[in-house]
Amino acid sequence: MRLSRLFGRTTRETPADAETTSHQLLIRAGMIAQVGAGIYSYLPLGWRVLRRIEQIIREEMDRVGGQELRMPTLQPFELWEASGRHLSFGQSLFTVLDRKQHRLALGPTHEEVVTDLARRCLQSYRDLPLMPYQIQTKFRDEPRPRGGLLRVREFIMKDMYSFDADEEALNTTYETMARAYASVYRRLGLPAVMVEADSGAIGGKASHEFMVLTSTGEDVVMHCASCGYAANMEKAGSKKDMAGEVLAAGEDMLPLEEVETPGSTTIEEVATYLKLPRHSTLKAVFYVADGEFVIAVIRGDLDVNEVKLQRALKCTLLRLAESDEIESAGIAAGFASPIGISGARVVADDSVPECRNLVAGANRTGYHYLNSNYGRDYVASVVADIALAREGDSCPTCGAPLRADRGIEVGHIFKLGTSLSEKLSAVFLDENGTSRPAVMGCYGIGLGRLLAAVIEHSHDDKGIIWPMALAPYHVHICALNPDKDGVSSCGDRLYEELRAAGIEVLYDDRMASPGVKFNDADLIGIPLRLTVSPRTLASGSVEVKQRSAKESGLVAVDEAVASIAAMVRDALAAEDSANPGV
RNA sequence: CGGGGUGUGGCGCAGCUGGCAGCGCGCAUGGUUUGGGACCAUGAGGUCGGAGGUUCAAAUCCUCUCACCCCGACCA
């Protein structure tokens, strides 16, 4: 491609709207253009990179037995009602009305459609496992698109679905897919880590995310350097012992005693006023879960993880209660506890029952109880881990301190089980002739986000640094002073011969100063740069420079094509055999 | 949805105590240049996000509204 003809141009100035590095570089390099909030066009350079990513993913999916197909974006809303997920997706589901006022969803994901498809195609255990997948545009009405391609409302996703005969077979498929994902990230040069995750609106039994750790990430990963435990903060567990402190568990229960605590409405104030550590208090937080008032209690030094709480409650919608709702439940905000409160569901963190003699609200303004005890003074309908893990907490598996880092979610895989296949009757006959629902899994990768993550991970102050496997072109030729001394003719010849040798070339044939060309080359980030100028031609050579290297070298013009072709091959081979990133 | 911010030529911005719509980059033409974002000359390009209002006069003041960005809530 001649740069003089390329659609899309580079800019010197960083666009005002772009904050994250990948967003700035994608715009400045002329790879994408914004159309609206969370809506982007891919320009030719960006689209070429995206297609390379797509092809790598396709190869890895095919390698493990995936079968590419294509499902529609328009999905009958009834399918979503059948699965019940129109509720959990809520407003994130884009819907449209057709001319008959019939409601259709713009697919945010395709579990419903693919399960409906399996219902028609799947008959026997001999058909299993099935691993259909597609690479297709998805629509999600995100509350807040952000970070350029990091979170958008229309995006291209590879979504694979697996149908297996039983749990064990699903586990095997799941592990196969995890390895396939690892291969994808390795080939993209991305160091992704696999972490335990909450399965969110997709639902299901288990799920893992693949994270690229970087400060621009939206998610927080809790991980343990000692044993390798890693989980999304939404999911992460931690040991709730207090380092160096002896918990009150095991002590005798002392009698409940009301004490005056004027103006002490927060855990901090109560603990200070009573000269007790925060973990000797009981924290109560109020929620409304699917319309029902809920009291969540947790040890005072811990915070409630709402994702865990939502799972514990098995509810679809969870929000903090408004102050009037708290009042009408008969609760004195700041002095609250489940003690003596009836008509509200109570959820207790698993830290609570094992504690003794905690300070709890007396449900009377200005007063707290000493020596509250779970079981004697109140009980919960659910006891579960609903605590937010924090940096420095003890690892749930080995006890070493956990670290917290931000990460970009570049893939998410789920064990769905049979709930969806049961709802949509995706069943098969097993060896005994018994009808059974298929055991499902699903596996998603967002391509645009992957592209952004690669840039976040691989750039410098000049621009993008693509791996050879992803670069929009393999080689970038800069012809300096193209009107002088045969520069053009040499540049043209190299351009033609390299292309004839199967090398993809971006050829800067513009009439522009050397600085402009070099800066654009660095910005666009093609891994090999070939400079032709009167200076190099004086010695019968051209200059070769790697984008990732500081120094450059000279190659004789006659040997340039063979030399460059070898460098491209070597780079591709080296990237392909690089160490696994996961 | 809560909080903060921004909308003026393709991009980045100034103008905002009302009085001719500007600067830099980019773009076009001509000329001089050329190894890390050259220079000179000439030129094209703007319903100042939109609607309403105040005023002799509105980019500027007032009201409403829309869009976009950031933080949070939210989010396979």
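Bear in mind the structure is a predicted one, so any value in this text is a computation, not a measurement. So you know, we letter chains A, B, ... as the sequences are listed, proteins then strands, and number each from 1.
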(Q) If you assign A/Thr14 and A/Asn519 each to the RNA chain B nucleotide with the nearest heavy atom, which residue ends up on the more 5' nucleotide? (A) A/Thr14

Q) Which nucleotide sits closest to the side chain of A/Phe518: B/G72, B/G12, B/G36? A) B/G36

Q: Please give the nucleotide sitting opposite B/G36 as a Watson-Crick or G-U wobble pair, both distances under 3.5 Å, or none.
A: none

Q) Which of the following nucleotides, B/C69, B/A38, B/U34, is nearest to the side chain of A/Glu19? A) B/C69

Q. Side chain of A/Leu480: nearest nucleotide among B/G36, B/U34, B/G35?
A. B/G35

Q.
Closest approach to the side chain of A/Asp17, judged atom by atom: which nucleotide of B/C70, B/U34, B/C69 is it?
A. B/C69

Taking only distance into account, with no hydrogens and no angle test, what donor-acceptor pairs under 3.5 Å do side-chain atoms of residues 29-36 of chain A form with protein atoms, sequence neighbours excluded?
unit_1  : atom_1 : unit_2  : atom_2 : d
A/Gln34 : NE2    : A/Gly36 : O      : 2.9

Q | Face-on cation placement of A/Lys138 at A/Phe155 ring, 6.0 Å and 45° thresholds | A | no

Q. When rounded to the nearest Å, what value does the distance between P atoms of B/A58 and B/G53 take?
A. 12 Å

**Q.** P gap between B/G24 and B/U42, integer Å
**A.** 13 Å

Q) Taking the six-membered ring for Trp, are A/Tyr443 and A/Tyr174 parallel (under 30°), tilted (30 to 60°) or perpendicular (over 60°)? A) tilted

Q: Output, in order, the C-alpha distance, side-chain angles, deciding distance and verdict of ring pair (Phe, Tyr, Trp, His ring centres under 6.0 Å) for A/His23 and A/Tyr40.
A: CA-CA 11 Å; A/His23 191 192; A/Tyr40 290 85; 5.7 Å; yes

Q.
So, does A/Ser513 get its side chain near the phosphate of B/A38, meaning an N or O under 4.0 Å from OP1 or OP2?
A. yes

Q) Could you give the distance from OG1 (A/Thr115) to CD (A/Glu422), rounded to the nearest 0.5 Å? A) 11.5 Å

Q) OP1 or OP2 of B/C1 sitting under 4.0 Å from any side-chain N/O of A/Gln91? A) no

Q: Give, for atom CD1 of A/Ile464 and atom CD1 of A/Ile526, the distance between the pair rounded to the nearest 0.5 Å.
A: 10.0 Å

Q) What integer number of Å spans the P atoms of B/C62 and B/G5? A) 15 Å

Q. What is the base-pairing partner of B/G2, counting Watson-Crick and G-U wobble geometry with both distances under 3.5 Å?
A. B/C71

Q.
Classify A/Gly147 by what it touches in the nucleic acid, base, sugar-phosphate, or nothing, heavy-atom distance under 4.0 Å.
A. sugar-phosphate

Q: Check every strand shown and say whether A/Phe155 touches a base, only sugar-phosphate, or nothing at a heavy-atom separation below 4.0 Å.
A: base

Q. What does A/Gln34 touch in the nucleic acid at a heavy-atom separation under 4.0 angstrom: a base, only the sugar-phosphate, or nothing?
A. sugar-phosphate

Please list, for nucleotides 21-30 of chain B, all pairs of protein and nucleotide N/O atoms separated by less than 3.5 Å.
unit_1 : atom_1 : unit_2  : atom_2 : d
B/G26  : OP1    : A/Arg12 : NH2    : 3.0
B/C27  : OP1    : A/Arg9  : NH2    : 3.3

Q) Would A/Arg529 and A/Asp508 pass as an ion pair if we require N to O under 4.0 Å? A) no

Q.
At 4.0 Å (heavy atoms only), tell me whether A/Ser533 reaches a base, stays on the sugar-phosphate, or touches nothing.
A. base

N/O donor-acceptor pairs under 3.5 Å from side chains in residues 9-16 of chain A, not counting sequence neighbours:
unit_1  : atom_1 : unit_2   : atom_2 : d
A/Thr10 : OG1    : A/Asp520 : OD1    : 2.8
A/Thr10 : OG1    : A/Asp520 : OD2    : 3.2
A/Thr11 : OG1    : A/Glu13  : O      : 3.0

Q: Output the single nucleotide from B/G12, B/G36, B/U33 whose closest atom is nearest the side chain of A/Ala16.
A: B/G12

Q. From the list B/G36, B/G35, B/C75, which nucleotide is the closest neighbour of the side chain of A/Thr536?
A. B/G35

Q) Once the angle between the rings of A/Trp80 and A/Phe89 is folded into 0 to 90°, is it parallel (under 30°), tilted (30 to 60°) or perpendicular (over 60°)? A) perpendicular

Q) Which nucleotide, in any strand shown, forms a Watson-Crick or G-U wobble pair with B/C64, with both distances under 3.5 Å? A) B/G50

Q.
Taking the minimum atom-to-atom distance to the side chain of A/Val516, which one of B/C71, B/A38, B/G35 wins?
A. B/A38

Mind listing the N/O atom pairs, protein and nucleotides 44-47 of chain B, below 3.5 Å?
none

Q) Counting only Watson-Crick or G-U wobble pairs whose two distances fall under 3.5 Å, which nucleotide matches B/G18? A) none

Q: Hey, could you give me each pair passing ring pair (Phe, Tyr, Trp, His ring centres under 6.0 Å) that has a residue in residues 505-535 of chain A? Not counting sequence neighbours.
A: A/Tyr495-A/Tyr507

Q) For A/Arg510 and A/Gly411, take the nucleotide of RNA chain B holding the closest heavy atom to each; which residue's nucleotide lies nearer the 5' end? A) A/Arg510

Q: Return the nearest nucleotide to the side chain of A/Arg535; candidates are B/G36, B/C75, B/G35.
A: B/G35

Q. B/G24 pairs with which nucleotide, Watson-Crick or G-U wobble, both distances below 3.5 Å?
A. B/C11

Q.
Within the 4.0 Å heavy-atom criterion, would you say A/Asp219 contacts the bases, only the backbone, or no part of the nucleic acid?
A. nothing

Q) Taking NZ, NE, NH1 and NH2 as the nitrogens, is one of them in A/Glu54 or A/Lys158 under 4.0 Å from a carboxylate oxygen of the other? A) no

Q. Checking all strands, does A/Gln310 fall into the base, sugar-phosphate, or nothing category for heavy-atom contacts under 4.0 angstrom?
A. nothing

(Q) Need the pair for B/A41. Rule: Watson-Crick or G-U wobble, both distances under 3.5 Å, any strand; none if unpaired. (A) B/U29

Q | Pairs meeting criterion side-chain hydrogen bond (donor to acceptor under 3.5 Å, both in side chains) with involvement of residues 404-414 of chain A, two or more places apart | A | A/Ser207-A/His412, A/His223-A/Asp405, A/Arg403-A/Asp405, A/Glu409-A/His412

Q | Residue-phosphate contact under 4.0 Å: A/Arg144 side-chain N/O, B/C69 OP1/OP2 | A | no

Q. Which value, in whole Å, describes the distance between the C1' atoms of nucleotides B/C48 and B/C61?
A. 16 Å

